Every structure is written in structure tokens, then in C-alpha cells.
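Structure first, commentary second.
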Amino acid sequence: MRRWPRLIVAPKAIGGFLAGLLLWWGLSGPYDEFLAGMAEPLVRALERFPATHLQAWNGYILVFRPEFLPGAPKPAVSAGHLTANIVLLSALFATNRRPVSLRNVSAFALAALILAGIHVLAVVANVESIYAWDLGAWSSAHYGIVERRMWEAATNFYTLVGAFGSAFLLWWLSCTLSANASLSHDPPQRRASAGQR
Amino acid sequence: MAANSTRRRRALFAAKFVAFLVVFYAFVAIGAVDERLIVPFTAGITRVSVAGMRIVDRNVHAVGTTIASDRFAMDVKNGCNAVETMMLFAAAVLAFPASARSRIIGLAVGLPVIQLVNVVRLATLYWIGSRHASWFEIFHMGVWQTAIILIGVAMFAIWSATNAALATTDRRA
């Protein structure tokens, strides 16, 4: 029996998955506005002449600069792609023992807060990647090759493995700190002796 | 003492996991690797998916990494070829303390299962896109992407629990 994690985690994971999906989908509008608001000063801090304005719109974060021609299509970052890892985080935390306990909910809230910080940085990296690569001569004039490669790598790393890797890691580290995971890897006899003490 | 040891092992796992992710990413980020390995691999996954889909819809065909018919077309890009799930799973298996044999078995079983699930993902995404286009993005970004990672995590959990139990048995012996 102990060789396999308890199958009870499957319905809990599905419940957490659905809750996360509702959270991600239901709050996407205000959350995208929050991301745009938090990322804008960070992008501006990287500029010699701060001019970037970010605005959430219909699942995207639109990028505005005074140089862009009025009426021309605005570069945009797909916010949903950057933030979908909250669904994974919710599903993973739901598999913990007593998922609705204050301890687990607090740990989830803390992990979600850290994830929100990661989302803000992901928006910054994506905007910088647009500036570095997608604006033709303007990009070449304002970004050196090292900067271009760096922002491209940051964006691709997040897209490919960083988004879901960070959610998995936050859950794993939370389990490490609280020793609260239902998929515990502790040897059974050690847990028993710890309980006796 | 036992709790400290467990925490140390888990923290070590986390550090190794990140290191493997960085190495895997650095490998697939090489242009030649993407061109000669990832793109052909993605085209292969696309062909396998289309072969399955043609059982119910003869109009579907594969063009490179694109699944297309007269009503809908979908390009399978990085992020939809499940390579990222394979990397996450492989990083977790390699970071976890286990024998080389266990790791090989874990990877040999886990990686094909991930791709099998991905074939189902591509087929259902195509079906949703061609018939319920307004639902495509939510299933594409929110549902399937997370579901396939969860399946990877579940397989890792089962594999690692089996290995932890075996390691305990070995220590007792």
C-alpha cells in the first residue's frame, strides 16, 4: 500500500484544478490590470527616457509608446499564457493533507503571492523581448545583441519550463517547509517514530 | 533530526531540479537543436495525432507542424508539443535520489505516456477549435496545458513514492 501515493489525491487534484481554473478565468480581467500596473514602472525603470504605458485589454497587455503611430497595431503580451500556472498551483496544493485547513490555505496564498511576483517579471521580460526583437530598426538601434539574447532567453525559458516549473517548485518547497504533503516521501518507520515522540 | 534530513533532501531535490531545467532549456534553445530535433519531433507528433483523427474525420491532414482541414487549422508550436512536460518530468526524475536503473525505467515509461496524452490533447483541441472556437483558448491555455503537467507530476509522484519505499526496504535489509 505504501508503495503508491494514496489514490484519494486524484479527486482532490481535480477539485483544485477546477477551482484554479475558475480563479484564473474569473479574475483574469482585474488581474491583468494589476499585472499591467505593476509591470509598467519596472519596464520604465529599465528605460533611459521612461515612456512605456501598459494597458490590459481582453486577455492581453497592450504596449504603448509615444513613438508608435496613432492607429497602428499595438504590440501585445498574451496575459493568459503567462498566468495559467496558477491552475497548476491550485491543483497541487489541493492534493495536500487537509487542503482547506488554515495552514494549507495560508501556504497557498503565500505561494500565489510569490507567483504573482513571477508573473510581473514575466510581463516585463515579454515587453522587453518585444522591444528587443519585434520593432525592426528601432529594436536594433536601442538594444545590443547581448540584451536581445538575454530578453529572448528569459521569455522563452519562462514560456517553456519556467511557468509550470515555478508553480511545481513553489508547491514542493512549501511541502518541504511544512512537511505537509500527502505524497510524502518520508520512510514510514521514521514518520511513526516521529509521531511517538 | 529526521525532519531536518527530509528538509535537506527536499531542498537538494529542488536545487537539482532547477539545474536540470536550465541545462535542458539551454540544450533546446540551441537553434540547430530546435531545427533538427524539436521541429521534426513536433511534425512527427502532428502526423501521429492526425493519423488518429482521420479515423473519425477524413478531411484532416498534417502539413509540417500544422493540423488542417477545410474548417480549421492549428499550428503545433513549442508549448503544445509536450516537450516542456517531458523536460519537467525528466528533470524531476533525474533530481530525485534513485538508482540509474529506476531512472531509466521511469523515463522509458513516463515520456511516452506524456506524448500519448499529448496526442489526445491535440485531437481534442482540434475538435474544440473546429466546432466550438470560442472555447479554444480556455482549453488551450488553462485546461490542457495544466492537465498534461499534472499528469507528469502524478507520474513522478507515483514513481518517486515507489522508489522511496524501495530505498527504505533496501536500508532495512
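Naming convention: chains lettered A, B, ... in sequence-line order (proteins, then strands); numbering from 1 in each chain. On a predicted model such as this, the values are computed, not experimentally measured, just so you know.
Heavy-atom distances place both the backbone and the side chain of A/Leu160 under 4.5 Å from chain B. Both the backbone and the side chain of B/Met141 come within contact range of chain A, with heavy atoms under 4.5 Å apart. The parts of B/Ala14 that come within reach of chain A are both its backbone and its side chain, each placing non-hydrogen atoms under 4.5 angstrom from that chain. With a 4.5 Å cut-off on non-hydrogen atoms, A/Phe168 touches chain B through its side chain but not through its backbone. Looking at B/Val22, both its backbone and its side chain come within 4.5 Å of chain A, counting heavy atoms on both sides. Using a 4.5 Å cut-off between heavy atoms, A/Thr83 does not touch chain B at all. Both the backbone and the side chain of A/Ala153 have a heavy atom closer than 4.5 Å to some heavy atom of chain B.
Atom CH2 of A/Trp25 is surrounded by 12 or fewer heavy atoms from other residues, nucleotides or ligands within 6.0 Å. By the 6.0 Å contact criterion, CE on A/Met150 is enclosed, its count of non-hydrogen atoms from other residues, nucleotides or ligands being greater than 12. Taking a 6.0 Å sphere around OH of A/Tyr60, one finds it holds 12 or fewer heavy atoms contributed by other residues, nucleotides or ligands. Heavy atoms from other residues, nucleotides or ligands lying under 6.0 Å from NZ of B/Lys77 number 12 at most. The number of heavy atoms from other shown groups lying within 6.0 Å of CZ (A/Arg44) is above 12. More than 12 non-hydrogen atoms from other residues, nucleotides or ligands lie less than 6.0 angstrom from CZ of A/Phe68. No more than 12 heavy atoms of other residues, nucleotides or ligands shown are found within 6.0 angstrom of CH2 on B/Trp135.
Ring planes of A/Trp172 and B/Phe156: tilted class, angle from 30 to 60°.
With hydrophobic clusters built from ILVMFWY side chains whose heavy atoms lie under 4.5 angstrom apart, A/Leu92 does not share a cluster with A/Val105. In the hydrophobic cluster analysis, where Ile, Leu, Val, Met, Phe, Trp and Tyr join through side-chain heavy atoms closer than 4.5 angstrom, B/Leu116 is grouped apart from B/Val93. Under a hydrophobic clustering in which Ile, Leu, Val, Met, Phe, Trp and Tyr are joined whenever their side-chain heavy atoms come within less than 4.5 Å, directly or via other members, A/Leu89 and A/Ile114 fall into the same cluster.
In this structure, B/Val18 and A/Leu169 approach most closely via the heavy-atom pair CG2-CD2, 3.3 Å. The two residues A/Trp24 and B/Ile138 make their nearest non-hydrogen contact at CZ3-CG1, 3.8 Å. Nearest heavy atom pair, residue B/Tyr25 against residue A/Asn156, reads OH-CB, 3.1 Å.
Contact of the A/Phe164 side chain with the B/Leu150 side chain is not registered, since no non-hydrogen atoms from C-beta on lie closer than 4.5 Å. Two residues are said to be in side-chain contact when any heavy atoms from C-beta on lie closer than 4.5 Å; B/Asn78 and A/Thr159 fail this criterion.
Residue A/Leu88 holds its CG atom at 12.5 Å from CD1 of B/Ile148, rounded to the nearest 0.5 Å. Here the NE2 atom belonging to B/His140 is positioned 4.5 Å from the NE2 atom belonging to A/His81, to the nearest 0.5 angstrom.
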